[in-house]
Amino acid sequence: MLNMDSKIILISNQSIQTQLLLDYLNKQSDILVDFVNISRPDMSFIAEESIILYDIQASSRKLKNIWSKLLNESACGLRVYIINCLRSLPLYENMLWPNFESIVPNNCSIEHLLTLLKEGRKTSRPPRSLSPPQKNINLTPSDSDNGVLTEREYEILTELSKGASNVEIANAFFISENTVRTHIYNIFKKISVNNRTQAACWANSHLRSPVLDQLPWKEM
């Protein structure tokens with residue numbers, strides 16, 4: 001049950017890594033950090049003037065469209081921080097996030113994230129934009145695009161790493177199985193793997209946020 005006095009909300013998927021991050025932020029912050037399941041878009045539990053940590057890696061194209069609309073149209077004075085962003089992927093070329101305040105890359109330190117939260121609480125919220133930005137944000141490396149996954153390939157690789165079948169991926173993104181197979185072929189070629197198991201291992205190694213690796217793991 002969400003605490004209505006929460007001022008920091010982590011929107012992500014339910015996982016051990018998310019719980020570790022949530023627990024650590026609560027220990028380091030003097031206010032409650034709460035969790036909203038990204039797969040269940042609902043603004044009714046979010047308090048006014050909350051700081052939103054939106055986990056872009058846990059989001060599908062459909063969820064990004066839903067959440068961006070809800071957060072952008074909210075009248076609650078929210079401050080949106082998009083976290084776990086991969087610098088090598090042009091994630092925002094087709095997205096409308098006119099009111100986010102900061103992009104937190106997946107290779108940032110936990111100290112950097114905590115600093116952003118503290119500074120965000122101290123400063124006044126910038127005026128709300130009523131229109132999308134004129135220029136899209138491009139996080140693709142400028143030196144070369146060879147081997148860089150597209151947004152759709154990133155989304156499919158994320159689902160594949162969770163064990164989803166071609167049919168399940170096709171249904172999730174409203175595309176055909178043949179299109180899924182083509183995307184997977186291109187993904188395998190770009191990341192130099194031969195099968196789904198190797199692709200899942202690659203994803204777990206390269207798409208996992210280093211921020212999570214800095215958390216204090218308890219010995220069992």
Side-chain angles (χ1 to χ4, degrees), residues 2-3 5-38 45-59 63-64 67-68 71 74 76-92 95 97-126 133 137-143 148-149 151 154 157-158 161 201-220:
L2 214 60
N3 187 318
D5 294 327
S6 297
K7 292 296 182 181
I8 301 178
I9 306 293
L10 173 62
I11 300 178
S12 186
N13 56 359
Q14 289 184 316
S15 67
I16 295 176
Q17 294 178 0
T18 299
Q19 189 60 52
L20 284 169
L21 178 58
L22 186 65
D23 291 344
Y24 187 76
L25 290 176
N26 270 308
K27 290 179 181 179
Q28 298 298 320
S29 177
D30 57 355
I31 63 173
L32 180 65
V33 183
D34 233 323
F35 170 80
V36 170
N37 192 330
I38 200 169
F45 298 112
I46 297 179
E48 297 233 357
E49 300 183 353
S50 293
I51 292 177
I52 305 297
L53 302 179
Y54 184 83
D55 185 357
I56 198 70
Q57 285 200 48
S59 183
L63 286 172
K64 280 185 288 187
W67 275 110
S68 62
L71 294 173
S74 172
C76 294
L78 305 176
R79 313 182 69 146
V80 180
Y81 294 78
I82 301 175
I83 66 171
N84 282 343
C85 178
L86 298 177
R87 289 185 179 276
S88 61
L89 298 174
L91 293 177
Y92 302 101
M95 291 178 61
W97 293 90
N99 297 303
F100 75 86
E101 293 194 27
S102 181
I103 291 177
V104 183
N106 77 317
N107 61 352
C108 83
S109 66
I110 191 69
E111 289 78 12
H112 176 67
L113 179 58
L114 291 170
T115 298
L116 282 177
L117 295 177
K118 291 178 181 178
E119 291 179 350
R121 292 173 54 203
K122 293 179 181 178
T123 58
S124 59
R125 185 181 184 277
I137 298 173
N138 189 350
L139 301 179
T140 305
S142 57
D143 53 351
V148 176
L149 298 176
E151 180 181 357
Y154 161 74
L157 178 57
T158 299
S161 68
C201 291
W202 187 96
N204 290 333
S205 175
H206 291 79
L207 303 187
R208 173 174 173 156
S209 173
V211 168
L212 296 174
D213 293 329
Q214 299 178 41
L215 301 181
W217 290 77
K218 293 181 180 179
E219 294 186 4
M220 303 301 290

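These numbers come from a predicted model, not from an experiment.
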Do [X] and [Y] come within less than 4.5 Å of each other through their side chains, counting heavy atoms only?
{"X": "L117", "Y": "S29", "result": "no"}
{"X": "L113", "Y": "Y81", "result": "no"}
{"X": "D34", "Y": "L22", "result": "no"}
{"X": "V36", "Y": "I52", "result": "no"}

Can you list the residues that meet the side chain to side chain contact (heavy atoms under 4.5 Å, CB included) rule with N37, with sequence neighbours excluded? Q14, F35, S39, R40

Please list, chain by chain and in numerical order, all residues satisfying side chain to side chain contact (heavy atoms under 4.5 Å, CB included) with S15, sequence neighbours excluded. N13, Q17, T18

Within 6.0 angstrom of Q28 CD, more than 12 heavy atoms from elsewhere: yes

With respect to D55, which candidate in N84, L21, V104 satisfies the side chain to side chain contact (heavy atoms under 4.5 Å, CB included) definition? N84

Can you check whether E48's main-chain N or O pairs, donor with acceptor, with K7's side chain at less than 3.5 Å? yes

Heavy-atom closest contact (I38 atom, W67 atom, distance):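 The pair with the smallest heavy-atom distance is O-NE1, 2.8 Å.
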
Where do Y154 and L149 come nearest, in terms of heavy atoms and distance? N-CB, 4.4 Å

Mind checking the OG1-CD1 spacing from T115 to I110? Nearest 0.5 Å is all I need. 10.0 Å

Between atom CG of L71 and atom CG of L78, what is the distance when rounded to the nearest 0.5 Å?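 Rounded to the nearest 0.5 Å, the CG-CG separation comes to 6.5 Å.
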
